[in-house]
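Order of listing sets the numbers, starting from 1, for every ligand and every atom in it. Just the heavy atoms: all of them, side chains too, but no hydrogens, waters or symmetry mates, feed the values below.
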Amino acid sequence: MSNNPNYDALKAAMKSLHDQTVFPVAGKDFRHIGSTFMCRTEIDSVSSDFHRGIDIGEMDGQAGDDDIIAAYDGVFWGYREYSGAGFTVMLSHQFPTPFTYHGKTVKYFYTWYCHLDKDSSLPIVSDWKQGKHGEAISAGQLIGKMGKSGETNVVHLHFEIRIGTNNSLEYQLANPKVTQWGFDPHIHPMLLYQPHAPAASPSLTQVGSCVPGNPVVLEYAIHREQPLLNRVEIKIIDRSTEMAVKSHVVDLTLREGMDPTKTKKLDNLDRDKTHFECIPFGYHPTVSEYKTKIIIPAEYIDSYFDSNYQLKIEVSDIWDYKVGEILSLSV
Ligand SMILES: [Zn+2]
């Protein structure tokens, strides 16, 4: 249990699909994930981008080679060419049991398949009925071909799941006439799949030491087939009372610790609290671990460098598997 009713309801709903879900690229699996649902650091190392999907591909993949298949039984919602996401196919799916999320009843979810190869994908979908009563699509059915359309130089599939609505929170707020769900609908796509038996447990290790004036940096490492990090909670504990005197949470799915009203704000976490440095490792098969740096800035902890305080860090993945560390803040 996560102690959050929204997240527990979401997890239960996603688990109810697991028996019938399919990885969206035929012949590929978790080993071919090169980038995950995560705040990624940009090359300038100051800004980040909240990557609200997973990327699947391989080194030197060729456009049109890989079959993109429906991740779950559903209905053809449509296709569209976006400047960023490129040629995109969208499917709509129904949850077996509706559930309540942030006060709203969620009956449907949507899967997005982006950057498809237009030349080979358009003939597959062009004659299909679209929308609510669109073509019925079975899990595993061919819906397009992998490509690199839109803003990317690499052949890969960008795969997203949105629950309740296709509209981002920013779009909802900017368009008061559309249904106001009040939350940003993207969730971690790996919630759609039964977790592997852990090949290796995640590890959390401190990088450098706790020194006043410097950030505290920890590295979370996990087998590359399980890029599931979801939540980081930090607490400054008063050792005499064992109570937290200060705490901060970053939860990627629930969007805690970030402002989801604008994609630009979502992209840039509060950098005076806790943020991530996560370099997507791409499709190199020899890289066996997915690593994310968790950075707690100096200004957040500096006034607590005293033997009376400890810094407690707890990292959870999407299935609430937790790993933690307690660091002493004595000078
Ligand atoms: Zn992507």
Backbone or side-chain N/O/S of Cys114 under 2.8 Å of the Zn ion (ligand 1):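 No N, O or S atom of Cys114 is closer than 2.8 Å to the Zn ion (ligand 1), so no.
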With a cut-off of 2.8 Å, does His156 put an N/O/S atom close enough to the Zn ion (ligand 1)?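 No.
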Compute the ring centroids of Phe37 and Phe50, then answer whether they are less than 6.0 Å apart.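 Yes, they do, as the ring centres are separated by less than 6.0 Å.
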Kindly report the NE2-the Zn ion (ligand 1)-OD1 angle for His51 and Asp55 respectively, rounded to 10°.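 That angle is 100°.
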So how far is it from [X] [atom1] to [Y] [atom2], rounded to the nearest 0.5 Å?
| X | Y | atom1 | atom2 | answer |
| --- | --- | --- | --- | --- |
| Leu266 | His186 | CG | NE2 | 9.0 Å |
| Arg255 | His102 | CZ | NE2 | 8.5 Å |
| Ile137 | Asp73 | CD1 | CG | 10.0 Å |

With carbon and hydrogen excluded and only N/O/S kept, which atom of His158 is nearest the Zn ion (ligand 1)?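 Looking only at N, O and S atoms of His158, the one nearest the Zn ion (ligand 1) is named ND1.
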